[in-house]
Amino acid sequence: MTPSKLKDSFLKACVPGEYSDGGGLFFLRQSPTSASWIFRFQLRRHRHRMGLGPYPAISLARARELATKWRSVAAEGRDPRQERAEERRLLDHNKPTLAEVTAAAFEAKKATLKDGGKAGQWIDPLRLHVLPMIEKTSPAALTVNQIVNTFRPIWQTKIETSKKAINRLDYIIRFAAASDADVDLGLIERAKMQLGPQCRAVKHLRALDWKDAPRLYGALGSSVAHLGFRFYILTVPRVAMVTKAGWAEIDGDIWTIPRARMKTDWAFRVPLTWQAKAVLAEAKTNNESAMIFHSPTAWKKGVISENTWNSWMKTRVCGHSS
């Protein structure tokens with residue numbers, strides 16, 4: 001019988017480190033809030049290790065039971081990791097995949113998202129960067145290594161996107177754990193530790209010097225795109241607020257951006273200067289559309305594109321025109 005060394009009182013108070021309980025069972029304390037069990041074994045003259053799960057979800061008594069089980073398997077010349085993988089495969093056969101759980105979690109989340117999540121801002125980081133790699137795995141079978149391998153390509157190159165994606169994956173895992181006790185709630189925290197800190201400095205986009213703004217404004221013409229740019233400069237909302245603005249939102253000296261179009265999910269009132277109203281009056285000429293900056297050539301959206309402004313800015317900013 002393998003002598004046991006660890007006690008529950010020690011596990012709760014110990015500092016980060018790896019501690020042996022005997023018989024190949026080790027307790028790994030990563031941080032004050034994160035700990036897990038490791039089983040070390042020898043098979044065909046080679047040493048191996050396998051995770052047994054997080055603490056305290058896996059208690060000391062349960063960890064000893066698992067270590068005893070896998071020690072017997074190794075003693076018979078079989079690989080505990082392969083045996084466990086087969087057990088999980090049979091157990092997870094009828095469990096929903098991560099893709100299915102994500103769909104259910106997103107459906108439950110929709111009521112709290114702007115426009116029911118139709119813009120895709122909540123689901124897209126998962127759909128683009130996570131699900132293609134692990135969508136067929138059930139949450140209960142998901143491993144830290146799978147998560148690390150999924151996020152490593154974008155962890156330092158797409159910092160904001162990866163942050164959103166991993167936080168939303170954490171939500172999916174917690175959603176799954178509500179109905180499946182086998183789901184490991186510590187997966188994301190341990191994966192973040194392996195991925196390491198995201199330390200790349202943020203590179204901000206170049207901004208126009210405020211002293212050059214009058215010259216920029218004066219260089220704008222009277223096309224629909226230029227009128228929209230003028231209105232944007234005079235009101236300074238988000239770009240899409242201008243490009244998709246409708247005449248119904250204008251009431252005298254006030255432009256009210258409705259809740260449905262706001263990122264903050266409440267209506268926003270913008271006072272209009274006489275210059276802004278003059279731009280609107282010019283835009284109204286020969287415009288029978290419900291949209292203020294309607295563009296007949298923009299067959300897909302029907303309104304001007306902010307990309308038009310970007311292109312114009314690149315070729316003619318602050319008097320550097322060709």
Side-chain angles (χ1 to χ4, degrees), residues 16 28-38 50-58 81 84-85 87-89 91-200 202 263 265:
L28 178 61
R29 168 64 72 182
Q30 293 110 329
S31 73
T33 59
S34 178
S36 58
W37 296 102
I38 303 294
M50 63 185 285
L52 299 182
Y55 172 86
I58 301 296
R81 295 166 301 179
R84 184 175 64 178
E87 284 186 3
R88 286 180 172 176
R89 188 188 68 78
L91 182 64
D92 294 335
H93 182 69
N94 294 320
K95 287 190 176 183
T97 64
L98 187 67
E100 292 169 333
V101 174
T102 298
F106 181 49
E107 193 65 32
K109 183 79 173 174
K110 279 184 178 180
T112 66
L113 301 175
K114 180 184 175 183
D115 200 22
K118 290 181 180 179
Q121 293 178 342
W122 193 90
I123 194 70
D124 278 355
L126 291 168
R127 182 177 59 81
L128 296 174
H129 302 289
V130 177
L131 293 180
M133 297 283 287
I134 54 178
E135 63 181 352
K136 294 182 180 178
T137 305
S138 75
L142 197 58
T143 67
V144 171
N145 283 341
Q146 284 178 299
I147 296 174
V148 170
N149 291 337
T150 297
F151 281 90
R152 197 176 294 285
I154 64 170
W155 194 245
Q156 299 294 350
T157 58
K158 297 182 179 180
I159 291 179
E160 291 305 316
T161 298
S162 60
K163 281 181 180 178
K164 291 178 181 178
I166 204 164
N167 288 337
R168 284 159 198 181
L169 179 59
D170 188 44
Y171 173 82
I172 302 300
I173 290 172
R174 294 180 182 280
F175 181 89
S179 58
D180 188 348
D182 292 329
V183 176
D184 183 354
L185 288 172
L187 283 171
I188 296 300
E189 186 172 356
R190 298 203 303 280
K192 283 181 176 179
M193 290 188 67
Q194 288 197 26
L195 287 164
Q198 295 174 300
C199 53
R200 185 175 65 84
V202 176
K263 197 172 184 178
D265 204 29

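Computed from a prediction, not measured in an experiment: that's the story for all the values here. We use all heavy atoms of the structure for the numbers below, so side chains are in, but hydrogens, waters and symmetry mates are not.
Residue T150 holds its OG1 atom at 4.0 Å from CD1 of I134, rounded to the nearest 0.5 Å. Atoms CD1 and CD1, on I147 and I166 in that order, are 7.0 Å from each other to the nearest 0.5 Å. How far CG of L131 is from CD1 of I172: 8.0 Å, rounded to the nearest 0.5 Å. Remark: R29 CZ to S34 OG distance equals 7.5 Å, nearest 0.5 Å. Taking CD from Q194 and CD from Q30, the interatomic distance works out to 9.0 Å, rounded to the nearest 0.5 Å. The NZ atom of K163 lies 8.5 Å from the CH2 atom of W155; values are rounded to the nearest 0.5 Å.
Partners of K164 by side chain to side chain contact (heavy atoms under 4.5 Å, CB included), not counting sequence neighbours, listed by chain and number: P125, R168. R84 pairs by the salt bridge (Lys or Arg N to Asp or Glu O under 4.0 Å) definition with nothing, not counting sequence neighbours. Here I154 pairs with H129, F151, T157, K158, S162 under the side chain to side chain contact (heavy atoms under 4.5 Å, CB included) rule; sequence neighbours left out. For K110, the side chain to side chain contact (heavy atoms under 4.5 Å, CB included) partners are F106, E107, not counting sequence neighbours. Considering only residues two or more places apart in sequence or on other chains, R127 meets the side chain to side chain contact (heavy atoms under 4.5 Å, CB included) condition with D124.
Two residues are said to be in side-chain contact when any heavy atoms from C-beta on lie closer than 4.5 Å; T102 and I123 meet this criterion. The side-chain heavy atoms of P54 and I58, taken from C-beta on, include a pair separated by under 4.5 Å.
Screening residues 158-199 for ring-ring contact (aromatic ring centres under 6.0 Å, His included) gives W122-Y171 as the qualifying pairs, with residues at least two apart or on separate chains.
A donor-acceptor distance shorter than 3.5 angstrom exists from the side chain of Q146 to the backbone of T143, with no hydrogens or angles considered.
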- Task: Go through the steps to decide whether L169 and L98 satisfy the test side-chain contact (heavy atoms from CB on, under 4.5 Å), and finish with yes or no.
- Result: CA-CA 10 Å; L169 179 59; L98 187 67; 4.1 Å; yes

